[in-house]
Amino acid sequence: DAKTTQPTSMDCAEGRAANLPCNHSTISGNEYVYWYRQIHSQGPQYIIHGLKNNETNEMASLIITEDRKSSTLILPHATLRDTAVYYCIVRVAGSNYKLTFGKGTLLTVNP
Amino acid sequence: GAVVSQHPSWVICKSGTSVKIECRSLDFQATTMFWYRQFPKQSLMLMATSNEGSKATYEQGVEKDKFLINHASLTLSTLTVTSAHPEDSSFYICSARILAGVLNEQFFGPGTRLTVL
């Protein structure tokens, strides 16, 4: 699976949009971009995933650049409960469903 | 959504004892479950892949005789830490894979914090 690069930490004001970047310049054509988050002392939570089109669900939006070398996870109205470590993972959506977690980005939402 | 539970949520044990952690998929059947370990301030590390009815596949560096995995049913996988030592103290997290039609996702349990004295 391709390697990803994320900033170590970010801050965001409550109520504002949080934009979390991820670089995956070596992504191959059949690899998806997945986002998970982990609130302190809890198991990871699936957020969203996409291949090349932008995706949106009730939690977030995923914007993938046209060359697919980077993506941005957008939390439109961040709340204090969104404070967590956010992981960007690139993998092939196939039968070998291993997830390799990097260090992620610690997003701190401030009041 | 798909729910995965773990039991216990935390456990404290003496060095040398064995500890069993259960992982259950509550509202779906999971042919594949995964076990991760997370040390403080570090990311999740995959320990093993557990397939129902067959032997688990362990990642490099994980001792299979120390971390016994049993996946006897489509909704239950267990991880037994045998002869636990303080260095085994960690946050153990399981996940279950749901494969239904076009859905192929992995859902995580809440984790079990193991402290070995």
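Below, each value reflects all heavy atoms present in this structure, side chains not excepted, and no hydrogens, waters or symmetry copies. We name chains A, B, ... by the order of the sequence lines, and we start the count at 1 in each one.
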Test of understanding: clusters of I, L, V, M, F, W, Y form through side-chain heavy atoms closer than 4.5 Å, transitively. Do A:I48 and A:Y86 belong to the same one? yes
Under 4.5 Å, heavy atom to heavy atom: which of residues 49-74 of chain B reach chain A? Give them by number, or say none. B:T49, B:E59
Applying the 4.5 Å side-chain criterion to the ILVMFWY set and letting contacts propagate, would A:V33 and A:I74 be lumped into a single cluster? no
Give, as side chain, backbone, both or neither, the part of B:L44 having an atom under 4.5 angstrom from any heavy atom of chain A. both
Please rank A:K103, A:Q42, A:Q45 by heavy-atom pairs under 4.5 Å with chain B and give me the top one. A:Q42
Side chain, backbone, both or neither: which part of B:Q6 has an atom under 4.5 Å from a heavy atom of chain A? neither
Among the clusters formed by ILVMFWY side chains lying less than 4.5 Å apart, do A:I63 and A:Y34 turn up in the same one? no
Treat each ILVMFWY residue as a node, draw an edge where side-chain heavy atoms are under 4.5 Å apart, and state whether B:L117 and B:I21 are in one component. no
When you look at CE of A:M10, are more than 12 heavy atoms from neighbouring residues, nucleotides or ligands closer to it than 6.0 Å? yes
Under 6.0 Å between ring centres: does that hold for A:F101 and B:Y36? yes
Hydrophobic clustering (ILVMFWY, side-chain heavy atoms < 4.5 Å, transitive) - are B:F34 and B:I93 grouped together? yes
Is any side-chain heavy atom of A:Y36 closer than 4.5 Å to a side-chain heavy atom of B:F108? yes
Which heavy atom in A:Q38 sits nearest to a heavy atom in B:F91, and how many Å separate them? NE2-CE2, 4.2 Å
Spacing of CG belonging to B:L46 relative to CG belonging to A:L99, to within rounding of 0.5 Å: 8.5 Å
